[in-house]
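Notes follow the structure.
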Amino acid sequence: LGDSSVLREAVAVAQHHDAVAGTEKQHVADNYARQLAAGWESCQLLVANALASLSGSKENFVFCNALNVSVCPLTEAAGRVSTSLGGWGGVVPISNFTRRLRREGGSATGELLFQASAPPLGFSTFTVSRLSRRDPPVSPRRTPVSPQ
Amino acid sequence: PQEIQNEHVRVLFDPLTGHLKEIQNLDKSISLPVFQSFYWYNASIGNNESSQASGAYIFRPNSSEPIPVSGSKRVSTYLVKNALVQEVHQNFSSWCSQVVRLHAGQPYVELEWTVGPIPVADGWGKEIISRFETTLQTDARFYTDSNGRQILERRRDYRPTWNLSQTEPVAGNYYPVNSRIFIKDKKFQLTVLTDRSQGGSSIFDGSLELMVHRRLLYDDNRGVGEPLVELGADKQGLVVRGRHLLLLDTVESAADRHRLLAQELFMAPYAVLAPGGGPSYRRG
């Protein structure tokens with residue numbers, strides 16, 4: 001069961017000028033971080049339930065919180081993608097700096113890029129699947145998004 | 001790499017130093033020499049003028065001249081180009097790097113900076129800035145937002161509501177930046193959008209700077225009772241990654257761009273992933 005009140009409470013507590021400005025003692029900063037982490041944990045469940053209902057399929061939705069250092073266990077475990085992708089936006093190699101940052105957090109060597117857009121209020125769904133060699137190359141297409 | 005470009009923007013780099021050199025708005029045929037680099041202010045621990053140290057509540061550099069993070073070395077760079085993105089990776093030091101990125105179809109330059117752990121083995125607290133230098137005749141003025149809404153004009157060493165006798169030439173000219181800071185002359189405007197609140201200023205005409213990270217070794221005696229020296233789980237100094245979006249435009253049309261882009265940045269879409277092929281949510 002998802003719940004947004006934990007995050008609301010954590011953000012409410014973090015309205016204190018110390019939390020906003022980072023002028024608190026270290027252990028207080030750690031406590032703010034802990035409350036926020038617990039908050040978004042249960043709020044992500046709520047969003048996942050909403051997406052399942054809106055998209056019509058039950059999924060094990062994953063929010064990769066470390067995408068800013070190219071860490072996402074789900075996609076890394078979902079098999080390799082050839083780096084010689086023609087046509088598409090291609091694959092951008094992950095910089096040594098980012099690899100150093102993420103330490104043992106992930107093992108991907110590149111990021112698959114494609115251009116995407118989402119409606120101002122709503123979501124778009126994109127599927128990345130690996131075709132067998134024999135399949136003709138298809139142009140990337142988006143599954144139609146229900147109008148609402 | 002000498003340059004990267006997309007439909008709207010071209011960015012030139014200095015082949016000798018590896019730094020950003022010029023930004024061109026191809027839609028408006030505007031070009032502006034822009035030098036950008038990272039520096040650090042040496043945090044004051046108090047001096048004969050005042051015992052005030054730099055700390056969590058107080059920014060007080062011990063000199064007005066920041067030190068270049070890359071020292072006198074060339075910034076090492078490499079280029080990544082494909083159909084959707086063109087980027088130059090810049091290494092300023094072992095703890096400071098940046099990716100200058102142009103996304104296909106986007107009218108702005110994305111600077112993704114990564115700073116930390118800030119080294120303090122030399123016993124000096126450091127306050128890291130990203131500084132832009134241009135040829136804009138800004139006449140001691142710059143502009144910062146207040147909570148993403150009102151834009152306020154700031155004037156160096158001046159306060160509109162009282163006669164300021166400036167005692168801190170740098171810190172006394174720093175202001176809060178919640179979402180954007182810009183400088184302009186009569187024709188052109190350079191706007192920098194931030195992805196979080198930072199301190200910012202324009203310490204000399206044509207320049208603009210934003211503070212991206214700090215690591216201090218003394219308490220500022222304002223109550224918190226410990227230096228601002230946050231450590232990560234590995235007991236190393238924090239590593240921080242963020243983005244600055246640069247927009248070069250005419251003064252007349254700058255607001256059209258930065259207002260909408262700032263909203264997009266503030267309410268960016270969130271990526272959620274799933275293995276796919278899950279059972280139907282509804283029976284039947």
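Order of the sequence lines fixes the chain letters, A, B, ..., with proteins taken first and strands second; residue numbering starts at 1 for each chain.
- Heavy-atom distances place both the backbone and the side chain of B/L273 under 4.5 Å from chain A.
- Residue contact with chain A, scored on non-hydrogen atoms closer than 4.5 Å, involves the side chain of B/N91 exclusively.
- Most heavy-atom pairs under 4.5 Å with chain B: of the set A/L67, A/V20, A/N68, A/V28, this distinction falls to A/N68.
- Your options are B/L228, B/V229, B/L231, B/V224, and the one with the most heavy-atom pairs under 4.5 Å with chain A is B/V224.
- For B/F59 and B/Y41, the distance between ring centers is under 6.0 angstrom.
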Next item on the list: Take B/T114 and B/C96 through the side-chain contact (heavy atoms from CB on, under 4.5 Å) test and state the conclusion after the steps.
Entry: CA-CA 6 Å; B/T114 308; B/C96 180; over 6 Å; no
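- Only the side chain of A/A29 has a heavy atom closer than 4.5 Å to any heavy atom of chain B.
- Interface remark: of the candidates B/S97, B/P269, B/A56, B/S97 forms the most heavy-atom pairs closer than 4.5 Å to chain A.
- Taken from CG in A/L45 to CZ in A/F61, the straight-line distance is 12.0 Å, to the nearest 0.5 Å.
- At a threshold of 4.0 Å, the pair B/R259-B/D145 does not count as salt-bridged, since none of the basic side-chain nitrogens sits closer than that to a carboxylate oxygen.
- Comparing A/D30, A/V47, A/L74, A/T75 by how many heavy-atom pairs each has under 4.5 Å with chain B, the most go to A/L74.
- Proximity to chain B (any heavy atom under 4.5 Å) is restricted, for A/E24, to the backbone atoms N, CA, C and O.
- The residues B/E112 and B/R243 are annotated as not salt-bridged, no charged nitrogen and carboxylate oxygen being separated by less than 4.0 angstrom.
- The aromatic rings of B/F92 and B/F38 sit perpendicular, their planes meeting at an angle over 60°, well past the 30° parallel limit.
- Contact of B/E264 with chain A is not made at all, since no heavy-atom distance falls under 4.5 Å.
- Contact annotation for B/V272: both backbone and side-chain heavy atoms come within less than 4.5 Å of a heavy atom of chain A.
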Next item on the list: Would you please test B/S76 and B/Q90 for side chain to side chain donor-acceptor pair (under 3.5 Å) and show each step?
Entry: CA-CA 6 Å; B/S76 68; B/Q90 298 171 308; over 6 Å; no
